[in-house]
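In what follows, a structure is listed as structure tokens, so that the remarks can point back to it.
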Amino acid sequence: MSEKFNLHGHEVEFGKNEGKAIIDIGFGENVDQTFLVDIFTVDDTDYVALLSNDSSQIYLFYYNDNFDDDEVNLELIEDEEELEEVFHIFSHYWDEQALDNLMDDYENDLDSEDVIDE
């Protein structure tokens, strides 16, 4: 269930996604496996936060969902000031403990799948 509130003069909504997703992000020749943290809105703009499985780095992208085509587009946030502000807002809602709990949750799910696959 999503939560709407005002934070630092912005209208925000967190928890818009339901469920979990593992998403591979390509950086040139390198691929980073990431976990979906949240799809959230800041002042009518949708963003997605992904957590790297390897480095625990947070990636933020613009999130565009076209339900007609079953397609999801992630776009880089080019503006450094916007990226910093969105990360600041994100980190107020998703603190380090919540991210650690989410990472543990995903790892437990992956471990359970490994047992089933064997």
Side-chain angles (χ1 to χ4, degrees):
M1 175 149 59
S2 69
E3 291 185 55
K4 295 180 183 182
F5 49 92
N6 288 319
L7 185 62
H8 296 291
H10 299 279
E11 291 183 25
V12 297
E13 180 179 4
F14 280 94
K16 293 175 69 172
N17 58 299
E18 294 183 22
K20 297 177 184 172
I22 298 174
I23 301 167
D24 290 332
I25 301 291
F27 297 102
E29 294 180 15
N30 299 322
V31 175
D32 193 0
Q33 183 183 65
T34 63
F35 304 136
L36 173 64
V37 176
D38 206 342
I39 298 169
F40 61 102
T41 302
V42 177
D43 296 331
D44 297 322
T45 300
D46 289 334
Y47 299 93
V48 62
L50 305 174
L51 176 64
S52 171
N53 183 25
D54 295 328
S55 67
S56 298
Q57 179 173 341
I58 298 292
Y59 299 111
L60 298 174
F61 295 94
Y62 291 116
Y63 176 83
N64 295 302
D65 190 333
N66 185 344
F67 291 110
D68 296 334
D69 297 337
D70 289 331
E71 192 172 304
V72 173
N73 294 313
L74 304 181
E75 297 176 36
L76 291 174
I77 303 169
E78 304 275 339
D79 184 322
E80 285 293 320
E81 287 183 29
E82 178 184 5
L83 183 60
E84 287 178 21
E85 182 69 13
V86 170
F87 181 76
H88 183 73
I89 291 168
F90 170 83
S91 63
H92 273 282
Y93 187 81
W94 283 94
D95 64 14
E96 193 171 321
Q97 183 63 46
L99 290 171
D100 286 346
N101 291 343
L102 182 71
M103 178 72 91
D104 290 344
D105 220 21
Y106 271 103
E107 288 174 351
N108 288 336
D109 288 352
L110 290 173
D111 289 344
S112 296
E113 286 179 12
D114 288 343
V115 171
I116 292 170
D117 290 340
E118 293 175 0

Main-chain N/O of Glu11 paired to Asp43 side chain as donor or acceptor, under 3.5 Å: yes
Assign the ring pair His8 / His92 to parallel, tilted or perpendicular, where the plane angle (0 to 90°) is split at 30° and 60°. tilted
Below 30° counts as parallel, above 60° as perpendicular, anything between as tilted: where do the rings of Tyr106 and Phe35 land? parallel
By side chain to side chain contact (heavy atoms under 4.5 Å, CB included), which residues pair with Glu96, not counting sequence neighbours?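 By the side chain to side chain contact (heavy atoms under 4.5 Å, CB included) rule, Glu96 matches Asp100.
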Any chance you could measure [X], atom [atom1], to [Y], atom [atom2], to the nearest 0.5 Å?
X: Leu102; Y: Leu36; atom1: CG; atom2: CG; answer: 8.0 Å
X: Glu13; Y: Thr41; atom1: CD; atom2: OG1; answer: 5.5 Å
X: Glu84; Y: Asp79; atom1: CD; atom2: CG; answer: 9.0 Å
X: Asp46; Y: Asn73; atom1: CG; atom2: CG; answer: 12.5 Å
X: Ile77; Y: Glu85; atom1: CD1; atom2: CD; answer: 11.5 Å

Exceeds 12 heavy-atom contacts within 6.0 angstrom, atom CD of Glu107: yes
I'd like to know whether CG of Asp44 has more than 12 heavy-atom contacts from other residues, nucleotides or ligands below 6.0 angstrom.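 No.
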Kindly indicate whether the side chain of [X], heavy atoms from C-beta on, has any atom under 4.5 Å from the side chain of [Y].
X: Leu74; Y: Tyr59; value: no
X: Leu50; Y: Gln57; value: no
X: Phe40; Y: Tyr63; value: no
X: Trp94; Y: Ile58; value: no

Could you give the side-chain donor-acceptor pairs of residues 17-31 under 3.5 Å, partners two or more places apart or in another chain?
from, atom 1, to, atom 2, distance (Å)
Asn17, OD1, Ile39, N, 3.1
Lys20, NZ, Asp105, OD2, 3.1
Lys20, NZ, Asp109, OD2, 2.5

Decide side-chain contact (heavy atoms from CB on, under 4.5 Å) for Val12 and Glu3; before the verdict, give the C-alpha distance in whole Å, the side-chain angles of both, and the deciding distance to 0.1 Å. CA-CA 8 Å; Val12 297; Glu3 291 185 55; over 6 Å; no
Looking only at heavy atoms, what is the nearest atom pair of Met103 and Ser52, with distance? CE-O, 3.4 Å
Counting the benzene-type ring for Trp, do Tyr62 and Tyr47 have ring centres under 6.0 Å apart?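 That pair passes the under 6.0 Å test.
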Can you confirm whether the side chains of Tyr93 and Asp38 place a donor and an acceptor under 3.5 Å from each other? no
